Every structure is written in C-alpha cells, then in structure tokens.
A.B. asks: 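Mind looking over this structure? Questions follow.
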Amino acid sequence: MSVSNNKAPLSIFDSQDSNELKERQRLEELKRQAKVQQVKLDKRLNKQKILMGAFLGQVLATDGESEQMIREYFAIHFPDFLTRKSDKELFKSMIESLGGDIGLDEGKDSSAVNMQTSNHEAENNQQNESYSNAEHDIRDLLSDDNTYSTDVSDPNYRG
C-alpha cells in the first residue's frame, strides 16, 4: 500500500503571502503603538499647559511688586497672543481688570486706538529693559536640557 499525502504542496507564492500578512500586521501594530505614544505625549503637554496656566493665574492674583510687573506685561501682551474672537471674549474681563484692552471694540474711534497704542508703547519702552533681563533668564531656564523631558526637536511636538 502506498501512502498518499493529501496536503497540497507549499509554493513560493504561499510563503510570500504569509510574509506580507505578517509584515502588514507588524506595521499595523507599530502604527497603533505610535498612536498610543502620541496620545500620551498630548496628555502630558496638556497637563503642562494647565499647570502653567494655573500658576500664572495664581501669580496674577497675588499682590506684590514683581507680580505687578507680570500683571502689566500680561495685560499688554496676552491680547496679542489670542487670535480667536471667542478666546478674546473669554479673557476680556480678566484683561480689563488688569488695566489692559482686549481689542474687541470694533466701533472704537481710530484716533482713540492710536492714542492708546502710543501710551502702551511709552509704557513698554520704560519696562523693556527690566523685561529683557527677565526674558533672558527665562530663556536660559528653558534652554536647559534637564528642564523638560519633552523633545522639542520632535516634528510632532506642538508647544
């Protein structure tokens, strides 16, 4: 009696299909891992932003000479940082309570805007020297490699 093998012989094409499937599965797993890491990074960055914002809010609420300088700087420059009208409306009362102008008054006379701008520029010129020293110190702190573990050279970094 002869023994017959019922298995179909494996061809080179069957082997390639199997390898392609394994490669696709591995690629999908790598994509999933990258997505998980991106979510973790986004959560970490959001937490940093929230904590920094909470700290700044606490500084703005504190009375003191150095805090006054920060409040004035914030009131003058933060409105320029905000680009959306809804964001400006969100911070309008805070900026106005600090003596700043959020810039939502569309019906304002242009001469009044120019007068206010020139007043702000005069104030800025007086404060620029002290601010530049503070900014230099902050840049030194932020440039320290040990300050943040986030790699800002990462193209996915959104600071």
Side-chain angles (χ1 to χ4, degrees), residues 20-159:
E20 286 179 15
L21 178 63
K22 288 178 185 176
E23 287 177 17
R24 276 186 268 148
Q25 288 172 339
R26 177 71 179 143
L27 183 59
E28 290 300 318
E29 176 62 19
L30 290 173
K31 286 180 183 179
R32 187 194 66 76
Q33 288 175 358
K35 192 173 188 177
V36 166
Q37 290 300 319
Q38 186 63 46
V39 167
K40 286 181 181 179
L41 177 62
D42 288 345
K43 285 182 179 182
R44 181 184 175 131
L45 293 174
N46 284 338
K47 186 174 183 177
Q48 286 177 338
K49 291 174 187 177
I50 290 167
L51 291 172
M52 287 173 62
F55 173 76
L56 180 59
Q58 192 173 25
V59 168
L60 293 174
T62 304
D63 287 333
E65 195 172 308
S66 60
E67 288 85 2
Q68 180 60 31
M69 182 180 74
I70 294 169
R71 283 194 297 275
E72 290 171 359
Y73 185 88
F74 184 82
I76 293 168
H77 296 285
F78 189 64
D80 295 334
F81 175 78
L82 301 173
T83 56
R84 295 182 184 150
K85 185 176 180 181
S86 61
D87 293 341
K88 289 184 179 201
E89 289 169 352
L90 182 64
F91 285 98
K92 182 178 189 223
S93 64
M94 177 189 281
I95 296 299
E96 288 176 351
S97 73
L98 295 171
D101 179 28
I102 199 72
L104 286 175
D105 301 331
E106 288 140 18
K108 223 178 193 183
D109 181 15
S110 64
S111 62
V113 171
N114 290 337
M115 177 69 82
Q116 187 174 19
T117 302
S118 64
N119 287 342
H120 281 300
E121 287 175 3
E123 291 172 12
N124 287 345
N125 289 338
Q126 292 172 351
Q127 295 174 354
N128 273 343
E129 189 172 323
S130 62
Y131 288 151
S132 65
N133 291 336
E135 288 173 1
H136 179 68
D137 293 342
I138 290 169
R139 279 192 215 108
D140 287 344
L141 176 64
L142 293 177
S143 67
D144 181 7
D145 290 339
N146 296 324
T147 304
Y148 294 104
S149 60
T150 304
D151 183 10
V152 293
S153 65
D154 179 4
N156 295 323
Y157 177 77
R158 297 176 293 164

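Here the structure is a predicted model, which is why all the values come from computation and not from measurement.
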A.B. asks: Tell me the closest heavy-atom pair linking Leu82 and Asp87, and the distance in Å.
C.D. replies: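 Nearest heavy atoms, Leu82 then Asp87: CD1-O, 3.9 Å.
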A.B. asks: Does a side-chain heavy-atom distance below 4.5 Å link Ile70 with Leu60?
C.D. replies: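 Touching, per the 4.5 Å side-chain cut-off.
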A.B. asks: Take Gln48 and Arg44 through the side chain to side chain contact (heavy atoms under 4.5 Å, CB included) test and state the conclusion after the steps.
C.D. replies: CA-CA 6 Å; Gln48 286 177 338; Arg44 181 184 175 131; 4.0 Å; yes
A.B. asks: Considering non-hydrogen atoms only, spot the tightest contact between Ile95 and Ala75 and give its length.
C.D. replies: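 Scanning both residues, the minimum pair turns out to be CG2-O, 3.9 Å.
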A.B. asks: Do you know which of Val39, Leu41, Asn46 makes side-chain contact (heavy atoms from CB on, under 4.5 Å) with Lys43?
C.D. replies: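 The option that passes is Val39.
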A.B. asks: Taking all atoms of both residues into account, what is the closest heavy-atom pair of Val59 and Arg71, and its distance?
C.D. replies: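 Heavy-atom minimum between the residues: O-NH1, 4.0 Å.
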A.B. asks: Rounded to the nearest 0.5 Å, what separates atom CG in Leu56 from atom CG in Leu51?
C.D. replies: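 One finds 12.5 Å between CG of Leu56 and CG of Leu51.
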A.B. asks: Supply the atom-to-atom distance Leu98 CG to Gln68 CD, rounded to the nearest 0.5 angstrom.
C.D. replies: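 Leu98 atom CG to Gln68 atom CD measures 8.5 Å (nearest 0.5 Å).
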A.B. asks: Side chains of Glu28 and Lys31: does their closest heavy-atom pair fall under 4.5 Å?
C.D. replies: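 Side-chain contact under 4.5 Å: yes.
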A.B. asks: To check you understand the geometry: which heavy-atom pair defines the closest contact between Thr62 and Glu67, and what is its length?
C.D. replies: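 What the structure gives for the nearest pair is O-CB, 3.3 Å.
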A.B. asks: For the atom pair CZ (Arg24) and CG (Leu27), what is the distance rounded to the nearest 0.5 Å?
C.D. replies: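 Here the rounded value is 10.0 Å.
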A.B. asks: Rounded to the nearest 0.5 Å, how far apart are CG of Asp80 and CD1 of Ile102?
C.D. replies: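 It is 9.0 Å, given to the nearest 0.5 Å.
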A.B. asks: Once you measure the plane-to-plane angle for Tyr73 and His77, does it fall in the parallel (<30°), tilted (30-60°) or perpendicular (>60°) bin?
C.D. replies: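 The arrangement is tilted - the two ring planes meet at 30° to 60°.
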A.B. asks: Residues in side chain to side chain contact (heavy atoms under 4.5 Å, CB included) with Gln33, at least two apart?
C.D. replies: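 Listed in chain order: Glu29, Leu30.
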A.B. asks: When you compare the side chain of Lys85 with that of Glu89, does any pair of heavy atoms fall below 4.5 Å?
C.D. replies: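 The answer is yes, as the side chains (C-beta and beyond) meet within the 4.5 Å cut-off.
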A.B. asks: List in chain and number order the residues that pass ring pair (Phe, Tyr, Trp, His ring centres under 6.0 Å) with Phe55, two or more places apart in sequence or in another chain; answer none if no residue qualifies.
C.D. replies: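 Expected list: none.
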